[in-house]
Amino acid sequence: MKILVKAPAKINLSLDVLHKRPDGYHEVEMVMTTIDLADRIELSLLEEDRIVIQSHNRFVPDDQRNLAYQAAFLLKKKFQVKKGVEIGIEKTIPIAAGLAGGSSDAAATLRGLNKLWKLGLSLDELAVLGAEIGSDVSFCVYGGTALATGRGEIIKALPAPPTCWVVLAKPFIGVSTADVYRRLNLENIVHPPTKQMISAIEDGDFKGVCNNVGNVLEKVTLSLYPEVAQIKDQMKRFGADAVLMSGSGPTVFSLVAHDSRMHRIYNGLRGFCDQVFAVRMLGERHTLD
Ligand SMILES: C[C@](O)(CO)[C@H](O)COP(=O)(O)OP(=O)(O)OC[C@H]1O[C@@H](n2ccc(N)nc2=O)[C@H](O)[C@@H]1O
Ligand SMILES: Nc1ncnc2c1ncn2[C@@H]1O[C@H](COP(=O)(O)OP(=O)(O)OP(=O)(O)O)[C@@H](O)[C@H]1O
């Protein structure tokens, strides 16, 4: 038996850090949304008790370092599953990019194995398990649009943002999330207007969404990699309605209402950047079918 699951990337429309916690993580407030840029996860049932990772991408680990492997291992351990699985990962989401690619692969594996191994868990239960793998995994279990708090694992659903294009550009560098959080100066944070962002989304107000984007990790990554600032400037010059770095970076995205400007930004950034995409946001949350 085989199951195909889509694992979409996320962007952070806003990302605020409130304080550092005793456990070393940071307390965050993030508005996140899934976009139509996705890996494909193929899960094949194995009769023997093994987890096998298959991927053509040489940067994707094929052992327990892979977050999809960790998702399968966690379910096997918690529910004493004796069968195994081969996890095929067709990568489209850029790696170490601030787009939660590994986290989304893990979340898709949780949703898919719930079906393949007939575990009968709810999305809420899968999201709680996901938090054991990584802070972004719970959001990725649900997808759609949400406010994420705690260390990122407390999820409150929001309506889909107003329709627009999302143009993403990733320079030829990878960023360590832990390193960016470590370098963040907590004394000096300019907090983004999270409440206004949520109201703009609830009101379907595209201009309001654009006016209230913000990411406190941006300053840290920009100081390490000047090319990220260059991409931001290019996108602004080509007429983006809003420009922001996603997560800990280095991917920069722009929100664009008009097709012609989307094309201008997309074409302008190609050649300048390693990977460029023009996609839509995904309005819908995942369902268990
Ligand atoms: C930057 C974001 O991607 C924004 O969505 C997330 O906050 C990070 O999510 P993630 O990559 O799933 O993070 P994890 O794998 O849980 O943690 C990686 C490292 O980032 C730091 N980290 C992460 C989340 C958080 N709220 N505070 C932190 O300080 C910790 O040093 C941790 O060791
Ligand atoms: N399924 C996976 N796909 C890609 N990378 C993975 C996967 N599992 C583990 N990794 C490892 O995780 C590292 C970070 O990759 P990932 O693409 O998840 O980062 P990211 O998009 O910046 O994540 P986030 O936005 O959640 O911080 C990679 O360098 C890779 O070694």
Side-chain angles (χ1 to χ4, degrees), residues 5 7-35 37-43 51 53-73 87-110 127 130-141 146-155 168 170-171 173-184 186 192 214-218 220-221 244-251 253 275:
V5 203
K10 61 84 182 164
I11 53 172
N12 302 82
L13 293 172
S14 75
L15 194 167
D16 196 8
V17 173
L18 306 182
H19 57 84
K20 191 167 179 187
R21 312 180 344 171
D23 63 4
Y25 282 89
H26 292 76
E27 194 73 13
V28 293
E29 223 174 48
M30 314 190 284
V31 177
M32 304 161 91
T33 192
T34 41
I35 55 172
L37 173 72
D39 294 343
R40 273 162 52 102
I41 307 295
E42 189 179 274
L43 302 170
I51 301 168
I53 300 282
Q54 295 283 2
S55 174
H56 293 299
N57 189 313
R58 67 192 168 94
F59 296 108
V60 173
D62 65 359
D63 52 20
Q64 68 282 355
R65 288 169 301 165
N66 196 301
L67 298 188
Y69 182 105
Q70 291 175 26
F73 187 79
I87 306 171
I89 303 179
E90 194 182 307
K91 213 66 203 160
T92 300
I93 305 172
I95 296 175
L99 300 173
S103 305
S104 192
D105 294 351
T109 302
L110 290 175
E132 292 188 32
I133 303 165
S135 307
D136 277 343
V137 180
S138 304
F139 167 75
C140 294
V141 164
L147 173 69
T149 54
R151 68 177 165 89
E153 86 287 17
I154 303 170
I155 307 298
L168 303 120
K170 183 196 166 276
I173 44 170
V175 165
S176 153
T177 302
D179 187 41
V180 172
Y181 272 109
R182 201 168 30 244
R183 289 170 185 267
L184 179 67
L186 291 163
N215 176 352
V216 300
L217 301 181
E218 198 178 64
V220 181
T221 307
L244 194 73
M245 187 184 81
S246 182
S248 51
T251 304
F253 67 86
Q275 286 162 296

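Quick note: residue numbers are just sequence positions, from 1. Predicted model only: the values in this text are computed from it and were never measured. Remember, it's 1-based here, ligands and their atoms both numbered in the order they're listed.
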Considering A106, G174, G134, G98 one by one, which has a heavy atom nearer to atom 20 (P) of ligand 2 than any of the others?
G98
Should the proximity of Y181 to ligand 1, defined as any heavy atom under 4.0 Å, be assigned to the side chain, the backbone, both, or neither?
side chain
Element-labelled atoms of ligand 1 that are located less than 4.0 Å from some non-hydrogen atom of M30
4 (C), 5 (O)
To the closest 0.5 Å, what do you measure between CD (E29) and OG1 (T149)?
7.0 Å
I want to know if ligand 2 touches A68 in the polar sense, i.e. an N/O pair below 3.5 angstrom.
no
May I ask whether K10 has any heavy atom positioned less than 4.0 angstrom from an atom of ligand 1?
yes
To which of P94, S103, A100 does the heavy atom nearest atom 21 (O) of ligand 2 belong?
A100
Considering only protein heavy atoms, which is closest to atom 18 (C) of ligand 1, and at what distance to one decimal place?
T177 CG2, 4.4 Å
How long is the gap from CG on N215 to CG on L13, to the nearest 0.5 Å?
10.5 Å
Taking the side chain from T109 and the backbone from A71, do they hold a donor-acceptor pair closer than 3.5 Å?
no
If you count every heavy atom of other residues, nucleotides or ligands that lies below 6.0 Å from R40 atom CZ, does the total exceed 12?
no
Which residue and atom name correspond to the protein heavy atom nearest atom 15 (O) of ligand 1, and how close is it?
G134 CA, 4.2 Å
Protein residue, atom and distance nearest to atom 29 (O) of ligand 1, heavy-atom basis:
H26 ND1, 2.7 Å
Roughly how far, to the nearest 0.5 Å, is the OH atom of Y181 from the CG atom of L186?
11.0 Å
Indicate, as side chain, backbone, both or neither, the part of D105 found under 4.0 angstrom from ligand 2 when only non-hydrogen atoms are considered.
side chain
State whether any protein heavy atom lies less than 4.0 Å from atom 12 (O) of ligand 2.
no
Geometric N/O contact L67 with ligand 2, under 3.5 angstrom
yes
Shortest protein contact, atom 17 (O) of ligand 1 (heavy atom only)
Y25 CE2, 4.0 Å
Which residue owns the protein heavy atom closest to atom 16 (O) of ligand 1, what's the atom, and how far is it?
S135 OG, 2.6 Å
I would like to know whether N66 and I87 meet side chain to side chain contact (heavy atoms under 4.5 Å, CB included); could you show each step before the answer?
CA-CA 10 Å; N66 196 301; I87 306 171; over 6 Å; no
Between the candidates S248, A96, G102, S246, which shows the shortest non-hydrogen contact distance to atom 15 (O) of ligand 2?
A96
Tell me, with the steps shown, if L67 and S103 meet side chain to side chain contact (heavy atoms under 4.5 Å, CB included).
CA-CA 6 Å; L67 298 188; S103 305; 4.2 Å; yes
Close side-chain approach of K10 and D136, heavy atoms under 4.5 Å:
yes
Taking 4.0 Å as the limit for heavy-atom contacts, which would you say applies to M32 with ligand 1: side chain only, backbone only, both, or neither?
side chain
Just go through L99, V180, D136, L15 and tell me whose heavy atom is the nearest to atom 5 (O) of ligand 1.
D136
Kindly indicate whether the side chain of M245, heavy atoms from C-beta on, has any atom under 4.5 Å from the side chain of T221.
yes
Atom indices of ligand 1, in the order listed, that fall short of 4.0 Å to a heavy atom of N12:
4 (C), 5 (O)
Note, L18 side chain near V28 side chain (heavy atom, < 4.5 Å):
no
Going by the order shown, which atoms of ligand 1 are within less than 4.0 Å of some heavy atom of S248?
1 (C)
Protein heavy atoms: any of them under 4.0 Å from atom 9 (C) of ligand 2?
yes
At a 4.0 Å cut-off, with the gap strictly under it, does some heavy atom of A100 reach an atom of ligand 1?
no
Residue-level breakdown please: for K91 versus ligand 2, do any non-hydrogen atoms fall below 4.0 Å on the side chain, on the backbone, on both, or on neither?
side chain
Got a second to check how far H26's NE2 is from D23's CG, nearest 0.5 Å?
10.0 Å
Tell me whether G247 reaches ligand 2 (any heavy atom closer than 4.0 angstrom to a ligand atom).
no
I need the D63 CG to Y69 OH distance, nearest 0.5 Å.
8.0 Å
Applying a 4.0 Å heavy-atom criterion (strictly less than), which segment of T177 is in contact with ligand 2: side chain, backbone, both, or neither?
side chain
Derivation of the side chain to side chain contact (heavy atoms under 4.5 Å, CB included) call for L110 and V141
CA-CA 8 Å; L110 290 175; V141 164; 4.1 Å; yes
I need the atoms of ligand 2 closer than 4.0 Å to a non-hydrogen atom of D136, numbered in the order shown.
24 (P), 25 (O), 26 (O)
Identify the closest protein heavy atom to atom 30 (C) of ligand 2: which residue and atom is it, and at what distance?
P61 CD, 4.0 Å
Heavy atoms only, cut-off 4.0 Å: how does V137 contact ligand 1, side chain, backbone, both, or neither?
neither
Taking atom NE2 of H19 as the centre, report whether more than 12 heavy atoms of other residues, nucleotides or ligands fall under 6.0 Å from it.
yes
Under 4.0 Å from any heavy atom of K10, which atoms of ligand 2 are there?
25 (O)
protein heavy-atom neighbour closest to atom 29 (O) of ligand 2 works out as I95 CG2, 3.9 Å
Pair D105 + K91, salt bridge at N-O below 4.0 Å
yes
Could you measure the distance from the CZ atom of R21 to the CD atom of E27? Nearest 0.5 Å is fine.
5.0 Å
